[in-house]
2 protein chains.
Amino acid sequence: MLRLSKLTDYAVVVLTRLEEAEDGGVLTAPGLAAATGLGEPTVAKVLKILSHAGLVEGRRGAAGGYRLARPLAEMPLTDVIAAIDGPIALTACVDNSIGLCDAEATCPVRGRWDPVNDAIRRALSGISIADLARVPAIVPHPDVVAAE
Amino acid sequence: MLRLSKLTDYAVVVLTRLEEAEDGGVLTAPGLAAATGLGEPTVAKVLKILSHAGLVEGRRGAAGGYRLARPLAEMPLTDVIAAIDGPIALTACVDNSIGLCDAEATCPVRGRWDPVNDAIRRALSGISIADLARVPAIVPHPDVVAAE
DNA sequence: GCAATCAGGACCCGATTGGTACGGATTGCA
DNA sequence: TGCAATCCGTACCAATCGGGTCCTGATTGC
């Protein structure tokens, strides 16, 4: 389905929540889990990945927690996707990488998806997490409105 | 990894091969399998899906086979992806659909990915299968060139 | 009537993902 | 100095999904 993982979804939620509470302080993983309604271990996992990618900064210790490494407006969606789902490439053969495919010599699609990957990267690079956060979370569905 | 399925990849190969041999005649699934180097049952499966989506037309019987329903230039990539991978939506919650998510009321991301989905649809709608077929299948990789 | 082909479904195996658990390191505070 | 709270890294397990195969029918031409 051309889908990306749930973890990426969670990451956006957590990042959005982190910015809302941004007053210079930090938020703990358990606190974020309670605020988002997600499972605590899952939130911790997401935060660890984001920390590894440099999108959030973790501070250890008794008064530790997480805070954003930079404002969400300066955080392109591609960074989050790349951090959690890996490099943005629609097929297993990333761009023109060599040595991964067993039927490399006869593979009829080598390099063929490159323009598609580029198109998607361009489309996504213009969207920041702040753009997603700006969307109202609950949007009335046309069917529901029509049914009323 | 934001990946789409291998089947979609195969579909592009098969469609491209179908157009090359387009002289008004048809190509059989076993023939296409031999021509593309893919497994025969797999090719048959792809063709069945494409036929169901109306992208190719199957003709049964002794002299049966498949032919393109329309030229590849008039076949947007989104049609093939939608036929094989389903509707283009990055998350499980397709757009603003209701009733699928269990934690619907508290879900903090409902409708949030819509602009992303739209951006990807726009980026992909401008690409036809003919555009992909036009890309040379074998492209020298920069690393390989540098290593020589 | 027979052979060749498409059509549709069921099935199984492997891979990936989501989610969990555990031990260790770091920091603040009493 | 010890304790508690927190992050960090890794390993692990269960469930889902996709790739691939097979079988049985329906249709067509010879």
Side-chain angles (χ1 to χ4, degrees), chain A residues 1-11 13-14 18 25-34 36-67 69 81 83-86 89-92 100-103, chain B residues 1-11 13-14 18 25-34 36-69 81 83-86 90-92 100-103:
Chain A
M1 303 186 201
L2 195 74
R3 71 155 62 127
L4 47 82
S5 67
K6 285 185 182 177
L7 275 298
T8 306
D9 206 342
Y10 299 159
V13 177
V14 170
L18 263 180
V26 295
L27 287 180
T28 68
L32 281 169
T36 57
L38 302 174
E40 180 173 328
T42 302
V43 170
K45 186 176 193 173
V46 169
L47 286 168
K48 274 182 277 193
I49 297 175
L50 293 177
S51 172
H52 196 71
L55 299 181
V56 302
E57 294 172 354
R59 177 188 181 88
R60 295 203 267 196
Y66 289 96
R67 66 182 188 88
I81 295 178
I84 301 200
D85 287 339
L90 274 71
T91 55
L100 301 176
C101 186
D102 51 350
Chain B
M1 303 186 200
L2 194 74
R3 70 156 62 125
L4 48 83
S5 67
K6 285 186 182 178
L7 275 298
T8 306
D9 205 341
Y10 300 158
V13 177
V14 170
L18 263 180
V26 296
L27 287 180
T28 69
L32 280 169
T36 56
L38 303 173
E40 181 173 326
T42 302
V43 170
K45 185 175 192 173
V46 169
L47 286 168
K48 275 183 275 193
I49 297 174
L50 294 178
S51 173
H52 196 73
L55 300 181
V56 302
E57 293 173 354
R59 178 190 181 86
R60 295 201 266 197
Y66 289 96
R67 67 182 187 87
L68 293 177
I81 295 178
I84 300 201
D85 287 337
L90 274 70
T91 55
L100 300 175
C101 187
D102 50 350

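In what follows, chains are A, B, ... by sequence order, proteins preceding strands, each numbered from 1.
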Is [X] close enough to [N] that one of its side-chain N or O atoms is under 4.0 Å from OP1 or OP2 there?
{"X": "Tyr10(A)", "N": "dG18(C)", "result": "no"}
{"X": "Ser51(B)", "N": "dC6(C)", "result": "no"}
{"X": "Thr42(B)", "N": "dT21(D)", "result": "yes"}

In whole angstrom, give the distance that lies between atom [atom1] of [X] and atom [atom2] of [N].
{"X": "Arg59(A)", "N": "dC29(C)", "atom1": "CZ", "atom2": "C1'", "value": "14 Å"}
{"X": "Asp85(A)", "N": "dT17(C)", "atom1": "CG", "atom2": "P", "value": "8 Å"}
{"X": "Leu27(A)", "N": "dT6(D)", "atom1": "CG", "atom2": "P", "value": "12 Å"}
{"X": "Lys6(B)", "N": "dC13(C)", "atom1": "NZ", "atom2": "P", "value": "19 Å"}
{"X": "Ile49(B)", "N": "dT21(D)", "atom1": "CD1", "atom2": "C1'", "value": "14 Å"}
{"X": "Leu4(B)", "N": "dG18(D)", "atom1": "CG", "atom2": "C1'", "value": "13 Å"}
{"X": "Tyr66(B)", "N": "dT28(D)", "atom1": "OH", "atom2": "P", "value": "14 Å"}
{"X": "His52(A)", "N": "dC7(D)", "atom1": "NE2", "atom2": "P", "value": "17 Å"}

Measure the [atom1]-[atom2] distance between [X] and [Y] for me, rounded to the nearest 0.5 Å.
{"X": "Leu4(B)", "Y": "Asp9(B)", "atom1": "CG", "atom2": "CG", "result": "7.5 Å"}
{"X": "Ile84(A)", "Y": "Lys45(A)", "atom1": "CD1", "atom2": "NZ", "result": "10.0 Å"}
{"X": "Lys6(B)", "Y": "Leu38(B)", "atom1": "NZ", "atom2": "CG", "result": "10.5 Å"}

Between Gly58(A) and Lys45(A), which has a closest nucleotide on DNA chain D that is more 5'?
Gly58(A)
Nearest heavy-atom contact between Ala53(A) and Ala83(A) is CB-CB, 3.5 Å
On DNA chain C, compare the nucleotides closest to Pro41(A) and Arg60(A); which residue's is nearer the 5' end?
Pro41(A)
Pick the nucleotide of DNA chain C nearest each of Gly39(A) and Gly61(A); which residue has the one closer to the 5' end?
Gly39(A)
By the definition side chain to side chain contact (heavy atoms under 4.5 Å, CB included), identify the one residue from Thr28(A), Val14(A), Thr42(A) that meets it with Leu47(A).
Val14(A)
How is Ala44(A) classified with respect to the nucleic acid when contacts are heavy atoms under 4.0 Å: base, sugar-phosphate, or nothing?
nothing
Need one value for Leu47(A): base, sugar-phosphate or nothing, where a base atom within 4.0 Å counts as base even if backbone is also close, heavy atoms only.
nothing
On the side chain of Lys48(A), is there an atom forming a donor-acceptor pair with the base of dG9(D) - under 3.5 Å, no angle test?
yes
